[in-house]
K.L.:
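Structure incoming, see below.
The chains referred to below are lettered A, B, ... by the order of the sequence lines, with proteins before strands, and numbering in each begins at 1. Side-chain atoms are counted along with the backbone in the values below, which use heavy atoms only and exclude waters and symmetry mates.
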Amino acid sequence: MFDVLEEGAVSAARQLIGWHLYTVDGSSRVGGAIIEAEAYTQEDAASHSYRGRTPRTEIMFGPAGYVYVYFSYGMHWCMNIVTGQNGRGEAVLIRAIEPDEGIEIMRKRRNNRPDSELTDGPAKVCQALGVTGVDSGVRLNDGKFLLLPPRSTYEVKATERIGISKDTHRLWRFVAKRH
DNA sequence: CTATAGATAATCT
DNA sequence: GATTATCTATAGG
């Protein structure tokens, strides 16, 4: 169903820039275009899957197209899209989105912060889209989540990942280039 | 604008 | 007991 996800996390992270990610809230969609994403694989010391399967990371080892949500720093939720073939232990962290639908809902959930700060970080994306741990293991395009193809082309830049202390040299963070 | 401290709990050693 | 794929408020330039 999602060819773009099945080649592997690095390829998927690069190609996912520009895809639209939404959660469905009643009759409205909440979300927008993915503009920042990072790849994590089992061979990567910064990845939750590095030490093998655990209860938390089990979802990363399943088939592509499922959502993996984890709890971070005792406060925040962050969401990934599982990639690669079944058993590989890969995912792409959704780090930022450019809102285009459901902005009023996001403002409310983000406590009326400026529009520029609604979804410019992985935990902010989850708060704005209403994603928590109960959504971990849910399949895309099967109810709550919608992943739709890009509506325009994006220039993508690869950089070092953010907020990690191991394997920082990998250029596995992909961002939509500003102009 | 940049820099930094503090919050706070699951997860793993 | 240490670490953590973060965010926010606050202080300073």
K.L.:
With a 4.5 Å cut-off on side-chain heavy atoms, are Met60(A) and Asn80(A) touching?
P.N.:
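No - every pair of side-chain heavy atoms lies 4.5 Å or more apart.
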K.L.:
Give the stems involving DNA chain B, where a stem is 3 or more consecutive Watson-Crick or G-U wobble pairs (i with j, i+1 with j-1, and so on) under 3.5 Å.
P.N.:
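Result, WC/G-U stems under 3.5 Å: B:1-7 with C:6-12, B:9-12 with C:1-4.
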K.L.:
Taking the side chain as every heavy atom from C-beta outward, state whether Phe2(A) and Ile81(A) have any atom pair closer than 4.5 Å.
P.N.:
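No, their side chains stay 4.5 Å or more apart.
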K.L.:
Donor-acceptor check, side chain of Thr57(A) to backbone of Thr54(A), threshold 3.5 angstrom: yes or no?
P.N.:
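Yes, the answer is positive, given that a donor and an acceptor are paired below the 3.5 Å cut-off.
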K.L.:
Taking CE from Met75(A) and P from dA7(B), how many angstroms apart are they, rounded to a whole number?
P.N.:
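Result: 10 Å.
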K.L.:
On DNA chain C, does the nearest nucleotide to Glu117(A) precede the nearest nucleotide to Ser165(A) from the 5' side, or the other way round? Give the residue.
P.N.:
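By nearest-heavy-atom nucleotide position, the 5'-most residue is Ser165(A).
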K.L.:
Residues from residues 88-102 of chain A sitting under 4.0 Å of DNA chain B, heavy atoms only?
P.N.:
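Close to the strand, none.
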K.L.:
Contact class for Arg173(A) vs. all strands (heavy atom < 4.0 Å): base, sugar-phosphate, or nothing?
P.N.:
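Counting heavy atoms under 4.0 Å across all strands, no contact is made by Arg173(A).
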K.L.:
Evaluate whether atom OH of Tyr50(A) has more than 12 neighbouring non-hydrogen atoms of other residues, nucleotides or ligands under 6.0 angstrom away.
P.N.:
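No - once you tally the heavy atoms of other residues, nucleotides and ligands closer than 6.0 Å, there are 12 at most.
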K.L.:
Is a donor on one side and an acceptor on the other found under 3.5 Å between the side chain of Ser136(A) and the backbone of Val69(A)?
P.N.:
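Flag set: sc Ser136(A) to bb Val69(A) pair under 3.5 Å.
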K.L.:
Of all heavy-atom pairs between Gly137(A) and Tyr66(A), which one has the smallest distance, and what is that distance?
P.N.:
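Distance-wise, the nearest heavy atoms are O-CD2, 3.3 Å.
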K.L.:
Output every pair passing ring-ring contact (aromatic ring centres under 6.0 Å, His included) with a member in residues 75-111 of chain A, not counting sequence neighbours, ordered by first then second residue.
P.N.:
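Sorted result for residues 75-111 of chain A: Phe71(A)-Trp77(A).
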K.L.:
Counting distance only, does the side-chain N/O of Arg173(A) pair as donor-acceptor with the main-chain N or O of Arg161(A) below 3.5 Å?
P.N.:
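Checked: no pair found.
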K.L.:
Across the strands shown, which category fits Ala46(A) at heavy-atom distances under 4.0 angstrom: base, sugar-phosphate, nothing?
P.N.:
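Base contact.
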K.L.:
Please list, in 5' to 3' order, the outermost nucleotides of DNA chain C lying under 4.0 Å from any heavy atom of chain A.
P.N.:
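Result: dT4(C) to dA9(C).
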K.L.:
Main chain of Thr83(A), side chain of Arg88(A): is a donor-acceptor contact present, judged purely on distance under 3.5 Å?
P.N.:
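No; judged by distance alone, with no hydrogens or angles, the pair does not exist.
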K.L.:
Classify the side-chain pair Ser49(A)/Gln42(A) by whether it contains a donor and acceptor separated by less than 3.5 Å.
P.N.:
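Side chains of Ser49(A) and Gln42(A): no pair found under 3.5 Å.
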K.L.:
For DNA chain C, what residues of residues 12-21 of chain A have any heavy atom nearer than 4.0 Å?
P.N.:
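By residue number: none to list.
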K.L.:
Any protein N or O atoms within reach of nucleotides 11-13 of chain B? Criterion: under 3.5 Å, listing atom names and distances.
P.N.:
unit_1, atom_1, unit_2, atom_2, d
dC12(B), OP1, Thr54(A), OG1, 2.5

K.L.:
Working to the nearest 0.5 Å, report the span between CZ of Arg110(A) and CG of Asp115(A).
P.N.:
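Here the interatomic distance stands at 11.0 Å.
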K.L.:
With a 4.5 Å cut-off on side-chain heavy atoms, are Leu93(A) and Cys78(A) touching?
P.N.:
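Touching, per the 4.5 Å side-chain cut-off.
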K.L.:
What verdict does the salt bridge (charged side-chain N to carboxylate O under 4.0 Å, His left out) test give for Asp100(A) and Arg151(A), after you've listed the backbone C-alpha separation in whole Å, the side-chain angles of each residue and the deciding distance to 0.1 Å?
P.N.:
CA-CA 12 Å; Asp100(A) 61 31; Arg151(A) 296 171 196 162; 3.7 Å; yes
K.L.:
Could you report the tightest heavy-atom contact between Asp44(A) and Ala39(A), atom names first, then the distance?
P.N.:
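Nearest heavy atoms, Asp44(A) then Ala39(A): OD2-O, 4.2 Å.
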K.L.:
Looking at every heavy atom in both Val30(A) and Leu129(A), which two are closest together, and how far apart are they?
P.N.:
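What the structure gives for the nearest pair is O-CD2, 3.6 Å.
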K.L.:
Determine the contact category for Met60(A): base if any of its heavy atoms lies under 4.0 Å from a base atom, sugar-phosphate if only primed atoms, P, OP1 or OP2 are that close, otherwise nothing.
P.N.:
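Base, at least one base atom sits under 4.0 Å.
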